[in-house]
Amino acid sequence: MSAQPKDAIRAQAPNAGTGLIVLPIYLVLLVLTLVTPVGADFFSAGATLRGYLLISLATVIIHLSQARDRNWMRIDTIFLLGYFIVYYQWVSMIEISRIIPQNFFALPANSQRIVFGTWLATLGLITWAIGYAMPTPRRREVVQHVGGSGKINLVFGLLLVAFVGTVGGDYLTGAIYRQVRAGGFVTMSGVASYVYTLLSIVILILAAVLLNNLKSAPESVHTRTFQWGVLALIAYCALFSFAGERGAVVQVLSAIAVVYCSSRRPLGLAGFFLATAAGALVFTIAGLARADGATGVWAILEQTNPYTFTLNLANSARAFFLGIDIVNQRGELFWGQLWLGNLLAVVPFAQNVFVSISEMSPYDINSAYLIAYYRFGPNPHTSDGSTMLGDIYMNFGTIGVLFFMTLYGAICRRVQAYAAGGSGFYPMLVAVIFASFVFYISRSTYLIQLRPVIWGLLLALMLVRVKSLR
């Protein structure tokens, strides 16, 4: 069995020494943002908002200039792409292009919340960059080969059959998404929800095994188990593409792309832009096709406004501003209470047991449920979800955003080192699972990656055999 040379692995790993150089610059930008007044009305704060945009762009330019990496398909670049869409697209549309988002005036939050939210997003971006700039210690290279992929293929097949048998025909045909346009309630609940959780994790374990073995033993591509694994990935993506479930497909493809490009074949800047633009176009068309059929597809093809292709993700800003509004109306923070849902989710059925024996409801332990309750009442027909920054702010305020975004930046740096390879199979598995969520993390709760990572590691321990080559 052969493996990539150590020098090739090190060349693609994050540079550990240059980050400290830019820390003083980040601190200046942080102080500059902190002292900016945030109480102005949105419609009279144009200069302030444009200032936040300039500071955020400066932060990203400084960050990217320190990368020293030929590969652009990385944890940090994918995270930044999703972050800018969620927290800055609405502001850019209004302040730069003079376009009012369709859902802008549906917000019950007053316009001062939007200025405050953009200020908070800028603080979060700078502190994330500070965390990412922290050096990571070098480790001894570990090359491992993973056996047992035949067992994973079998488990995947069984879970796929169970999912198809429990989720219902309306979901598989995409009809359920057309029902929501008429006011229906969209959910995947009961047995199907648990089966899907396991299925989505097992497919990521399978992807990690294939990527690891492709690196440690390139000749394994000719084995039957490897080829069956590839077919399983294709079947998974085909099933959810047919159902119109873009998120499941994006998660798998982005995870594979990040780890493959980081560990084996770097993707340049031009290729990164082409891949992301093509992905935005294809998945926007898929989303409109599932909801509006051919009418929606033709409507998007006639658009000349580039914001259209990411507007669905950008509309998650509603949840961000609503979360800020909830805290302001309540008059106090939740101090971690809204993280109980994600923490309890790590233990199967623990959340349901906790709710049944406590005086709390699901709305009391999860920010997404609370935002839905706040906007639509006790029986919401749909939900705006939550956002990473909103989830932190509702629990721990501005200080929490500064601390937890710094921590998340440091975690992203560490995981990118895992994605570059040379740390062994289990760190690569963490990188695959983490990368599958990193594009959507900005519109999710802060701890959304916790359960998949822990369950993925536990399932992998039961399903695979790891052999160290050196």
Side-chain angles (χ1 to χ4, degrees), residues 9-34 55-84 87 120-142 258-259 261-263 388-389 391-393 396-424 426-435 437-439 441-442 446-450 453:
I9 296 170
R10 285 181 176 172
Q12 296 178 37
N15 191 317
T18 58
L20 293 175
I21 299 174
V22 298
L23 283 179
I25 304 175
Y26 287 146
L27 291 174
V28 170
L29 293 175
L30 183 64
V31 172
L32 185 63
T33 306
L34 282 169
I55 291 173
S56 63
L57 287 173
T59 302
V60 171
I61 291 170
I62 294 167
H63 167 78
L64 295 177
S65 69
Q66 301 299 310
R68 304 290 194 273
D69 196 333
R70 292 183 297 124
N71 174 44
W72 280 75
M73 186 65 74
R74 306 189 306 263
I75 294 285
D76 58 315
T77 54
I78 298 297
F79 169 78
L80 289 171
L81 184 62
Y83 192 94
F84 262 76
Y87 299 113
L120 204 62
T122 306
L123 292 178
L125 178 64
I126 298 169
T127 49
W128 174 88
I130 290 173
Y132 198 94
M134 299 297 181
T136 57
R138 290 189 178 275
R139 292 187 172 188
R140 182 179 62 86
E141 182 190 11
V142 177
V258 166
V259 176
C261 294
S262 296
S263 64
M388 184 185 200
L389 290 181
D391 192 45
I392 299 172
Y393 179 77
F396 300 105
T398 303
I399 296 298
V401 169
L402 298 177
F403 174 78
F404 286 106
M405 288 305 294
T406 303
L407 177 62
Y408 193 76
I411 293 172
C412 286
R413 176 69 173 262
R414 167 62 71 182
V415 175
Q416 178 57 34
Y418 291 161
S423 298
Y426 290 108
M428 179 171 280
L429 173 59
V430 170
V432 169
I433 298 174
F434 190 92
F437 286 88
V438 77
F439 178 66
I441 185 67
S442 293
Y446 183 76
L447 298 177
I448 192 67
Q449 292 157 304
L450 183 63
V453 168

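These numbers were taken from a predicted model, which means no experiment stands behind them.
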Asn71 versus Cys261, closest heavy-atom pair with distance: OD1-CB, 3.3 Å

Reported CZ-to-CD1 distance for the pair Phe403 and Ile399, which is rounded to 0.5 angstrom: 11.5 Å

Heavy-atom closest contact (Thr127 atom, Val401 atom, distance): OG1-O, 4.0 Å

Side chain proximity check, Leu80 to Leu125, heavy atoms < 4.5 angstrom: yes

Spacing of CG belonging to Leu30 relative to CD1 belonging to Ile126, to within rounding of 0.5 Å: 5.5 Å

Pairwise distance CZ(Phe404) to CZ(Phe396) - rounded to 0.5 angstrom: 4.5 Å

Results of side chain to side chain contact (heavy atoms under 4.5 Å, CB included) for Ile411 - residues two or more places apart only: Leu407, Val415, Phe434

Residue pair Tyr408 / Gln449, side-chain donor-acceptor N/O under 3.5 Å: yes

4.5 Å side-chain heavy-atom contact, Val258 and Thr77: no

Flag, side chain of Tyr87 to backbone of Ser442, donor-acceptor distance under 3.5 Å: yes

Min side-chain heavy-atom separation Leu123-Met405 under 4.5 Å: no

Thr122 side, atom OG1; Ile55 side, atom CD1 - distance, nearest 0.5 Å: 6.5 Å

Side chain to side chain contact (heavy atoms under 4.5 Å, CB included) involving Leu57 - partner list, sequence neighbours excluded: Phe84

Exercise: identify the closest heavy-atom pair between Ala419 and Ser263: O-CB, 3.3 Å

Parallel, tilted or perpendicular, as decided by the 30° and 60° cut-offs, for the rings of Tyr132 and His63: perpendicular

Pairwise distance CD1(Ile130) to OG1(Thr59) - rounded to 0.5 angstrom: 8.5 Å

Output field: ring centroids Tyr83/Trp128 closer than 6.0 Å: no

Distance in Å, Leu120 CG paired with Thr33 OG1, rounded so as to fall on 0.5 Å steps: 11.0 Å

Nearest heavy-atom neighbours spanning Ser262 and Gln416: OG-NE2, 3.0 Å

Residue pair Cys412 / Asp76, side-chain heavy-atom distance below 4.5 Å: no

Shortest non-hydrogen contact from Met428 toward Gly421: CE-CA, 4.3 Å

Residues that Asp391 engages under salt bridge (Lys or Arg N to Asp or Glu O under 4.0 Å), provided they are two or more places apart: none

